[in-house]
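Working notes for the structure below.
We number each residue from 1, following the sequence as shown. Remember, it's a predicted structure, so these values are computed and weren't measured experimentally.
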Amino acid sequence: MEKFPEINETLIEWLKSARAKNIPISGALMKQKAMEIEDALGTKDFYASNGWLDMFRVRNNVVFRALCGEAADVDEKLCEDWTMRLQFLSAGYADKDISNMDDTGLFFVPSHIRA
C-alpha cells in the first residue's frame, strides 16, 4: 500500500505529460519533482529517497531509457525564450566556436591508462 498516494498520483501525471513532450527524465529530476509536489500539498514526513524512487519505479513500471537523435528533441514551444537567452549567452564568442552538443564529443581517459 502506498503511504503517499496523492504524491504518487500527481507525479505519475507529471511524468506522463513530460514524456509526451519528449522531455528527458532522470531519477534526480523525479525526486526533485516529488519534493515540489510534497511541498505544494503540504504533506509531512515524506522524503524522496533513493529507496522511495526504486519502489515508485517498480510499482508504476517506470524505466529509464536513453533518448537520442533529433526525433527526441524538445517541442519548440517550450524553448521560445531560449532565442533571447542564446544571444546573451553566446555574446563574445565567434560563430565558429559555438557547436551543437550532438556535434561534439568528450572522451575521458584516466591518467593511469594514458600511454
**Q.** Closest heavy-atom pair and its distance - I25, A18
**A.** CD1-CB, 3.6 Å
Q) When rounded to the nearest 0.5 angstrom, what distance separates CG in N60 from CG in N8? A) 6.5 Å
Q. Minimum heavy-atom separation for A34 to I7, with atom names?
A. O-CG2, 4.1 Å
Q) When rounded to the nearest 0.5 angstrom, what is the spacing between CZ in F4 and CG in L41? A) 11.0 Å
(Q) Exactly one of E36, K31, K33 should register a side chain to side chain contact (heavy atoms under 4.5 Å, CB included) with L11. Which one does? (A) K33
Q: Say whether Y47 and W52 are linked into one hydrophobic cluster, either directly or through other cluster members, by side-chain heavy-atom distances under 4.5 angstrom.
A: yes
Q) Shared ILVMFWY cluster between M55 and M30, side chains joined below 4.5 angstrom? A) no
(Q) Could you work out, with salt bridge (Lys or Arg N to Asp or Glu O under 4.0 Å) as the rule, every residue matching K44, not counting sequence neighbours? (A) none
**Q.** hydrophobic_cluster_shared for F56 and L29, side chain cutoff 4.5 Å
**A.** yes
Q: Keeping the roles fixed (side chain from S17, backbone from E13), state whether a donor-acceptor pair exists under 3.5 Å.
A: no
